[in-house]
Amino acid sequence: MNFSQFYKALETELEDIMDQRHGLLYNMMLYQMGWVDQQGSPIHKTKPADPYALLSLLSCESISGTYQAALPAAAAIELIDTYTEVHKDVQNGRPEQYNRASVWWVWGPGQAINVGDGLHALGRSALFRLSNSGISAKRILQALEILDEACIQMCEGQYLSLSHQERFDLSIDSYIRMAENYTGALTSASMALGALVATEDQTTIDAFASCGLKLGIAYQIKQDINSIWGPGADTTVDPDILNKKKGYPIALVLNNSDTKTKRELGNMYYKRVLEPSDVKIISTILEN
């Protein structure tokens, strides 16, 4: 299925939201979105399309036969996703994202936090554009509640992800709980918002939210696998691994391997700082 029409419509919606915003703060936001360079000059968009916002449009279309009414919801999800990326780059000390310097690396952590907070506010305000599609104030408030709850859950997920870095007793249940919040909350909210625009039937909205949660967990597992064995993993070390982030493959081995293997992994993770050469050793242990 060709999703280009969805992404083009979403891009137009985001451009309309950002069109009246001027100044360095908004240039930094557009830089994070991959639309401008460090000087604020337009460039060929560099940020790859994430699936989160697309899920809102697909959910709405699957119920109503059209996706256009859900564009404000999809824009809100995209802006929230972008805000979390800015903050995660700061928290994880990631100096580069999408093959160029992160916002905090260019303008400092303080400004990066400011950029993230601004994107969060823009994401919430984007939902008010649903009124242009005839969505009632009551349902817009419900949409805001869904989005805010997802943001709170994502903060919980990030807390769990960071706390797992210094732990070696990570159970599969603990990993799944982290993935539900860390990634599942946004995919769940995205599908729920798309359904909310298309129908007032709460059972249907809840079903889409549940589907999104499960998709989010699966997507997080896929990302964890790709960080170790995905495209480019042979030449580029994922900073998350150097920061001792424990993804699904590591959780799986910790819970299903023998004592010798656990000890080998433990010797690596008890090191104060992981080096790129250590990642290859960890990868080999996991493969074995």
Is it the case that one hydrophobic cluster holds both Val106 and Met33, taking links as side-chain heavy atoms less than 4.5 Å apart, direct or via other members?
yes
Hey, any chance Leu242 and Tyr248 share a hydrophobic cluster, counting ILVMFWY side chains that come within less than 4.5 Å of each other, even indirectly?
yes
Pair Met154, Asn181 - check side chain to side chain contact (heavy atoms under 4.5 Å, CB included), show working.
CA-CA 5 Å; Met154 284 189 289; Asn181 292 293; over 6 Å; no
Once you round to the nearest 0.5 Å, how far does CG of Leu193 lie from CG of Leu147?
6.5 Å
Residue pair [X] / [Y], side-chain donor-acceptor N/O under 3.5 Å:
X: Ser227; Y: Gln223; answer: no
X: Thr284; Y: Lys280; answer: no
X: Ser41; Y: Gln39; answer: no
X: Glu85; Y: Gln97; answer: no

After noting the C-alpha distance and the side-chain angles of Leu122 and Arg21, does the key distance pass the side chain to side chain contact (heavy atoms under 4.5 Å, CB included) rule?
CA-CA 11 Å; Leu122 285 174; Arg21 309 283 179 175; 3.8 Å; yes
Donor-acceptor pair, [X] side chain versus [Y] backbone, under 3.5 Å?
X: Ser190; Y: Ser56; answer: yes
X: Ser102; Y: Arg94; answer: yes
X: Ser161; Y: Gly157; answer: no
X: Ser188; Y: Ala209; answer: yes
X: Ser59; Y: Leu55; answer: yes

Whether Tyr67 and Phe6 hold their rings parallel, tilted or perpendicular, with breakpoints at 30° and 60°
tilted
Any idea how Tyr270 and Phe168 line up, ring-wise: parallel (<30°), tilted (30 to 60°), or perpendicular (>60°)?
tilted
Taking salt bridge (charged side-chain N to carboxylate O under 4.0 Å, His left out) as the test, write out the residues that go with Lys271, two or more places apart.
Asp278
Those residues at least two apart in sequence (or on a different chain) that pass salt bridge (charged side-chain N to carboxylate O under 4.0 Å, His left out) with Asp224 are none
Would you find more than 12 non-hydrogen atoms of other residues, nucleotides or ligands less than 6.0 Å from Asn99 atom CG?
no
Other residues, nucleotides and ligands only: do more than 12 of their heavy atoms fall within 6.0 Å of CD on Glu200?
no
Full working for side chain to side chain contact (heavy atoms under 4.5 Å, CB included) between Phe208 and Ile63:
CA-CA 10 Å; Phe208 273 76; Ile63 298 171; 3.6 Å; yes
Side chain to side chain contact (heavy atoms under 4.5 Å, CB included) evaluation trace for Ile281 with Glu275:
CA-CA 10 Å; Ile281 297 174; Glu275 302 293 339; over 6 Å; no
What residue pairs, at least two apart or across chains, pass side chain to side chain donor-acceptor pair (under 3.5 Å) with a residue in residues 136-145?
Gln142-Gln202
Name the one of Met28, His22, Met29 that satisfies side-chain contact (heavy atoms from CB on, under 4.5 Å) with Tyr26?
Met29
Per side-chain contact (heavy atoms from CB on, under 4.5 Å), Val197 is matched among Ile135, Leu57, Ile205, Leu71 by Ile135
